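Remember, predicted model here, so these are calculated numbers, not experimental data.
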Amino acid sequence: YKRQKKSRGIKRLKKKVRKIKILVINHVPEVDLGSYEEFMTSDRHNFERFYFASLKNPPSVDEYDALWVMGGPMNVWEENRYPWLVKEKLFIKNWVLNLEKPFFGICLGHQLLGEALGASVIRSQTPEIGFKKISVNQKAPPNNLLRNFSEDMLVLQGHSAEIANFSKNEVSVLASSDNCSIQALSYLNHAFSVQFHPEVVDETIQNWISIPKIKQDFYGGLGTEGIAETLDYQQKNRRSLIKGAKLIYKNWLNLIEKN
């Protein structure tokens, strides 16, 4: 009888995870969800991709619980070259500032969030390409996306622009690097982003360098030998990189669940 009672108690403690529907804004097919696609699928969260570059009307915000914005080879200030960026920026600004719904951005998505929050996005004095070290802010607030993230693991970088400053007090800087002061951020309790690429999987870098702009950046920053070393690092540290990506993903889910 006692064993049955204990078993029932354990069952009562199990938390039912709410399934969410995520809108994923992609900019090019080659820069995609990576490991996060598997995590979302495994957790049975629904996700749909949308490209503002398609010039179609974006879906209704009411249809989705969360917004993810991925990376891409374009810069935030290139509206003349990519006119659809204007609509995308308005969409993000409405989502984050007016609706205050859950958000996660990576690289370009990080910079677009920064601009929506009133920050400047500028060319990097020293572009970061390849696997680099970041420093997690130990004084970060409780809503820390990088909680328990290992600083021993290098992260994949691929950017030549960065967020320069913020005027909003509600923004917290969660991590930095020697050449980029804002590697991760949070806004209030619902919007989070990272400058680096936690989503990296086996095919990620090869897919990226099939894009001429990214290929130019990587070969210019690393050279042929450096690219080979970068690919080798990813292969040797595959499990740890995926573990780090999953930690960020789980932290994000827990944070938005509390919101």
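At a threshold of 4.5 Å between non-hydrogen side-chain atoms, the residues His110 and Leu185 count as touching. Side chains of Tyr249 and Met40 form a contact here, defined as non-hydrogen atoms less than 4.5 Å apart. For the pair Leu108 and Gln111, the minimum side-chain heavy-atom distance is below 4.5 Å. Looking only at side-chain heavy atoms (C-beta outward), Ile209 and Gln206 come within less than 4.5 Å of each other.
What you find for Arg147 and Asn251 is that their closest heavy atoms are O-ND2, 3.0 Å. Shown here for Asn144 and Asn137, the closest heavy-atom pair between the two residues is ND2-O, 4.1 Å. Between Leu146 and Ala175 the shortest heavy-atom distance is CD1-CB, 3.5 Å. In terms of heavy-atom proximity, Met153 sits nearest to Ser240 at CE-CB, 3.0 Å. Annotation for Lys213 and Ser160: closest pair NZ-OG, 4.1 Å, computed over non-hydrogen atoms. In plain terms, the two heavy atoms of Ile134 and Glu151 that are nearest each other are O-OE1, 3.5 Å.
Checked by atom type and distance alone, the side chain of Asn143 pairs as donor or acceptor with a backbone atom of Leu188 at under 3.5 Å.
A 6.0 Å sphere centred on CD of Gln125 holds no more than 12 heavy atoms belonging to other residues, nucleotides or ligands. Counting non-hydrogen atoms of neighbouring residues, nucleotides and ligands closer than 6.0 angstrom, the CD atom of Glu38 reaches no more than 12 such neighbours.
One hydrophobic cluster, built from ILVMFWY side chains closer than 4.5 Å, cannot hold both Met70 and Trp84; they sit in different ones.
With respect to the salt-bridge test (charged N to carboxylate O, under 4.0 angstrom), the residues Lys21 and Glu48 qualify. In summary, Arg49 and Asp32 engage in a salt bridge, as defined by a charged side-chain N under 4.0 Å from a carboxylate O.
Taking the centre of each ring, Tyr36 and Trp68 come in below the 6.0 Å mark.
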Yes or no on side-chain contact (heavy atoms from CB on, under 4.5 Å) for Ile242 and Phe39, after CA distance, side-chain angles and deciding distance? CA-CA 10 Å; Ile242 290 176; Phe39 303 157; 3.8 Å; yes

